[in-house]
Amino acid sequence: QVQLVESGGGLVQPGGSLRLSCAASGSIFSIYTMDWYRQAPGKQRESVAGIISGGSTNYADSVKGRFTISRDNAKDTVYLQMNSLKPEDTAVYYCNAEVVLRSRSRVNVWGQGTQVTVSS
């Protein structure tokens with residue numbers, strides 16, 4: 001009923017920047033929260049940043065000051081601007097959303113993930 005499609009990952013050198021996008025589509029009435037998570041090889045998935053419909057944001061300590069999350073409610077899209085990237089930011093980045101459907105039921109949806117590799 002709802003799909004999340006991420007884009008924007010890739011290979012970047014340390015100190016570089018990338019911008020991830022996640023677009024939601026389907027039977028959407030509204031989207032409450034949109035979040036970015038990441039999972040590095042051999043590690044658990046961790047929260048990176050989140051934003052609610054009103055615009056309030058939160059960040060993991062490891063990315064504060066370097067990453068910025070934003071959303072375009074009209075496009076049901078969330079972005080993650082990543083600056084000053086470090087090798088330890090290498091991971092698969094996943095989008096997650098808490099969606100209210102047109103039926104007014106609520107679902108939690110994950111995207112398929114996009115690879116970010118920071119390496120020289």
Might you point out which heavy atoms bring Gln115 and Ala91 nearest each other, and give the distance in Å? NE2-O, 3.4 Å
In the hydrophobic clustering (ILVMFWY, side-chain contacts below 4.5 Å, transitive), which residues join Val100, or is it alone? Phe29
If Ile, Leu, Val, Met, Phe, Trp and Tyr residues are connected whenever their side-chain heavy atoms lie under 4.5 Å apart, and connections chain through other members, are Val2 and Trp36 in the same group? yes
Please report the C-alpha distance between Ser105 and Ser103 in whole Å, then the side-chain angles of each, then the deciding distance to 0.1 Å, and finally whether the side chain to side chain donor-acceptor pair (under 3.5 Å) criterion is met. CA-CA 6 Å; Ser105 59; Ser103 64; 2.9 Å; yes
Between atom OG1 of Thr68 and atom OH of Tyr79, what is the distance when rounded to the nearest 0.5 Å? 14.5 Å
How are the rings of Phe67 and Tyr93 set to each other: parallel, tilted or perpendicular (split at 30° and 60°)? tilted
Taking all non-hydrogen atoms of both residues, which atom of Ala97 and which atom of Ile31 are closest, and how far apart? CB-CG2, 4.1 Å
Please report, to 0.1 Å, the donor-acceptor pairs under 3.5 Å made by any side chain of residues 18-28, with sequence neighbours excluded.
none

Start with the C-alpha distance between Met82 and Val116, add both sets of side-chain angles, then the distance that settles side-chain contact (heavy atoms from CB on, under 4.5 Å), and finish with yes or no. CA-CA 10 Å; Met82 305 186 294; Val116 172; 3.9 Å; yes
Identify the two heavy atoms, one from Val107 and one from Val109, that lie closest to each other, and give their separation to 0.1 Å. CG2-CG2, 3.8 Å
Single-linkage hydrophobic cluster Val118~Val48, side-chain heavy atoms < 4.5 angstrom: yes
Where do Ser119 and Leu11 land on the side-chain contact (heavy atoms from CB on, under 4.5 Å) test, with the steps shown first? CA-CA 7 Å; Ser119 175; Leu11 173 64; 4.2 Å; yes
Considering all heavy atoms of both residues, which atom of Ala60 and which atom of Ser47 are nearest to each other, and what is their separation? CB-O, 3.5 Å
Hey, is the main chain of Ile51 close enough, under 3.5 Å, to the side chain of Thr57 for a donor-acceptor pair? no
What's the separation between atom CD in Glu46 and atom CD in Gln39, rounded to the nearest 0.5 Å? 9.5 Å
Mind running salt bridge (Lys or Arg N to Asp or Glu O under 4.0 Å) on Lys64 and Asp61 for me, showing each step along the way? CA-CA 5 Å; Lys64 281 181 181 176; Asp61 288 343; 3.2 Å; yes
For the pair Glu6 (side chain) and Gln112 (backbone), establish whether a donor and an acceptor sit closer than 3.5 Å, ignoring hydrogens and angles. yes
Checking side-chain contact (heavy atoms from CB on, under 4.5 Å) between Cys95 and each of Leu80, Leu4, Thr77, which is the one that passes? Leu4
Please assess Trp110 against Arg45 for the test side-chain contact (heavy atoms from CB on, under 4.5 Å), listing each intermediate value before the final yes or no. CA-CA 12 Å; Trp110 288 93; Arg45 190 172 297 189; 3.3 Å; yes
Side chain to side chain donor-acceptor pair (under 3.5 Å) with Ser30: which residues, sequence neighbours excluded? none
When every non-hydrogen atom of Asp89 is compared with those of Arg38, the smallest separation belongs to OD1-NH1, 2.9 Å
From Asn108 atom CG to Glu98 atom CD, the distance as rounded to the nearest 0.5 Å: 5.0 Å
Answer yes or no: is there a donor N or O on one side and an acceptor on the other, between the side chain of Arg106 and the main chain of Arg104, under 3.5 Å? no
Run the side-chain contact (heavy atoms from CB on, under 4.5 Å) test on Val99 and Gln1 for me, step by step, so that the C-alpha distance in whole Å, both residues' side-chain angles and the decisive distance to 0.1 Å come before the verdict. CA-CA 10 Å; Val99 179; Gln1 290 177 309; over 6 Å; no
Would you find a donor on one side and an acceptor on the other, under 3.5 Å apart, between the side chain of Tyr59 and the backbone of Ile69? yes
How about Glu88: does its CD atom have over 12 heavy atoms from other parts shown lying under 6.0 Å from it? yes
Value rounded to 0.5 Å, distance of CE in Met34 from CD1 in Ile52: 13.5 Å
